[in-house]
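Worth saying up front: this structure is predicted, and the values here are computed from it rather than measured.
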2 protein chains.
Amino acid sequence: MTDARQAAPESAAAEGRSPARVADTLHRSAIQLLRRLRQEDRRSGLSGPRASALSVVVFGGPQTLGALAAAEQVRPPTMSRLVRAMESEGLLLREGDAKDARVVRVRATAKGIRILQAARARRLARLQVALESLPSGELATLDEAAALLERVARTL
Amino acid sequence: MTDARQAAPESAAAEGRSPARVADTLHRSAIQLLRRLRQEDRRSGLSGPRASALSVVVFGGPQTLGALAAAEQVRPPTMSRLVRAMESEGLLLREGDAKDARVVRVRATAKGIRILQAARARRLARLQVALESLPSGELATLDEAAALLERVARTL
DNA sequence: CCAGTTAGTTAGCGTTGCTAACGAATATGC
DNA sequence: GCATATTCGTTAGCAACGCTAACTAACTGG
């Protein structure tokens, strides 16, 4: 099945580096990472779906409701209800579009931005502490890999 | 606040490699990666919570209901209902403990294992395809980083 | 101007999360 | 050994989230 031995690559043994194996380890470690960081979200007052949707609006700028639903991989009725609930909590607001009266544009409020950033800061702080205890070489590897991974994820 | 300039590290510029920045990029890329891979789960017939719980039982072996709830970061009543539903679908079975009659031990059935592995294979296949188009140096970086990340995640 | 398409909502259902309260079994203390 | 406390899991009941089906309103193309 595997063609790992053909034309041995330039350097350090390629046996552990088949795309299949890397995919597996990457997948498992990403799941594990986010699972642990999710513990920090309890005290944010934001549910998972709300934090995720709010994040898209805060970092991606104002969005139509449909675009937001697509980004969150959720159907329009689900996002419609989510947006209404979050609007009533003052996290975001819905505004009409000047060109097309059908669309609803969603924008984060100052409060929404503040709350999301606080939740995000808690997650990142926890991860940062763990990274601080790594030797600089390992940190460099993670830095390169993270940038790479971001690019790979966009092409998925 | 940052002490990035003190005692300049051995090699290539450390400016982008503060733990804070790496944490941020890692976090974002992990979210993006799993968000995309989640699209594959639609055709597995397993909901997110079910796939996740089943995965813990398949890879971690038989578990008590409470341990499973803790692993999934969910309260016992939630896991109790989830397990009952999955048992009725033939994905796993509940068996009593010989030593302690209070505990319920949960084990995956052959069907459960098969279905989980199929879902997992779909996710991994998609990621693998993306990785195959990377130059081997980048793949090596991801390989090292994935192993590192797995270790970091365990200490979180 | 009329048919078709698109954006979003409403209605109604199943699943998944919780807390509170309980039953049963085990552990502890006197 | 027996009363009490603790632990494990379940039941009941609620809120949040996911879906599809069906609808209204608005835009588009002839």
Side-chain angles (χ1 to χ4, degrees), chain A residues 34-35 38-57 62-107 115 119, chain B residues 34-35 38-57 62-107 115 119:
Chain A
L34 295 182
R35 198 198 288 269
R38 202 170 56 197
Q39 291 174 357
E40 295 301 318
D41 294 347
R42 293 187 163 279
R43 69 197 85 174
S44 75
L46 286 175
S47 71
R50 288 179 194 201
S52 185
L54 186 53
S55 170
V56 169
V57 176
Q63 312 257 336
T64 69
L65 194 145
L68 193 50
E72 290 296 295
Q73 295 173 37
V74 146
R75 299 293 175 192
T78 298
M79 189 51 68
S80 185
R81 187 176 34 188
L82 202 51
V83 164
R84 184 149 40 89
M86 292 172 80
E87 184 183 32
S88 81
E89 290 174 1
L91 299 173
L92 43 79
L93 35 90
R94 299 146 37 103
E95 35 196 39
D97 186 290
K99 311 273 184 171
D100 188 338
R102 291 170 303 178
V103 318
V104 169
R105 208 158 287 273
V106 179
R107 169 191 307 275
I115 289 182
Chain B
L34 295 182
R35 199 198 286 271
R38 203 171 56 197
Q39 292 173 357
E40 295 301 317
D41 294 347
R42 293 188 162 280
R43 69 197 85 173
S44 75
L46 285 175
S47 70
R50 290 181 192 199
S52 185
L54 186 53
S55 170
V56 169
V57 176
Q63 312 257 337
T64 68
L65 195 144
L68 193 49
E72 290 296 294
Q73 294 172 38
V74 145
R75 300 292 175 195
T78 299
M79 189 51 69
S80 185
R81 186 176 37 190
L82 202 52
V83 163
R84 185 150 40 88
M86 292 173 78
E87 183 183 33
S88 80
E89 289 173 3
L91 300 173
L92 42 79
L93 34 91
R94 301 147 36 105
E95 36 196 39
D97 186 291
K99 310 275 185 168
D100 187 339
R102 292 171 301 179
V103 316
V104 170
R105 209 158 287 273
V106 179
R107 170 192 306 276
I115 288 183

Name the residue closer to the 5' end of DNA chain D, choosing between Arg105(B) and Leu82(A) according to the nucleotide with the nearest heavy atom.
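Here Arg105(B) is the residue nearer the 5' end.
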
5'-most contact on DNA chain D: Arg84(B) or Pro49(A), nearest heavy atom basis?
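Here Arg84(B) is the residue nearer the 5' end.
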
Ala85(B) or Val104(A): which one's nearest nucleotide on DNA chain C is closer to the 5' end?
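By nearest-heavy-atom nucleotide position, the 5'-most residue is Val104(A).
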
What string of B, S and - do you get for nucleotides 19-30 of chain D 5' to 3' if you count protein non-hydrogen atoms under 4.0 Å?
BBB----BS---

With heavy-atom distances below 4.5 Å as the criterion, would you say the side chains of Pro49(B) and Leu82(B) are in contact?
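A side-chain contact under 4.5 Å exists here.
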
4.5 Å side-chain heavy-atom contact, Leu46(A) and Leu91(A)
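They are in contact (side-chain heavy atoms under 4.5 Å apart), so the answer is yes.
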
Does Ser47(A) have a side-chain nitrogen or oxygen under 4.0 Å from the phosphate oxygens OP1 or OP2 of dC17(D)?
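Yes, Ser47(A) has a side-chain N/O under 4.0 Å of OP1/OP2 on dC17(D).
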
dG18(D) OP1/OP2 closer than 4.0 Å to side-chain N/O of Arg50(B)
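It does not, given that no N or O in the side chain of Arg50(B) lies less than 4.0 Å from OP1 or OP2 of dG18(D).
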
Return the value, rounded to whole Å, for the distance between atom CG of Leu54(A) and atom P of dC17(D).
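Atom CG in Leu54(A) sits about 13 Å away from atom P in dC17(D).
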
Whether Asp100(B) and Arg102(B) form a salt bridge (side-chain N of Lys/Arg under 4.0 Å from carboxylate O of Asp/Glu) is what I want to check.
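The answer is yes: the pair qualifies as a salt bridge.
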
Between Glu87(A) and Arg94(A), does any side-chain N to carboxylate O distance fall below 4.0 Å?
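Here Glu87(A) pairs with Arg94(A) in a salt bridge, since their nearest N and O are under 4.0 Å apart.
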
Side chain to side chain donor-acceptor pair (under 3.5 Å) with [X]: which residues, sequence neighbours excluded?
X        : value
Gln63(A) : none
Arg38(B) : none
Arg81(A) : none

Not counting sequence neighbours, list each pair that qualifies as a side chain to side chain donor-acceptor pair (under 3.5 Å) and has a residue in residues 68-77 of chain B.
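Every side chain to side chain donor-acceptor pair (under 3.5 Å) pair that includes a residue of residues 68-77 of chain B, provided the two are not neighbours, is Arg35(A)-Glu72(B), Ser52(B)-Glu72(B).
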
Chain A on DNA chain C: first and last contacting nucleotide, 5' to 3', under 4.0 Å to a heavy atom?
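Boundary nucleotides touching chain A, in 5' to 3' order, are dT6(C) to dC18(C).
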
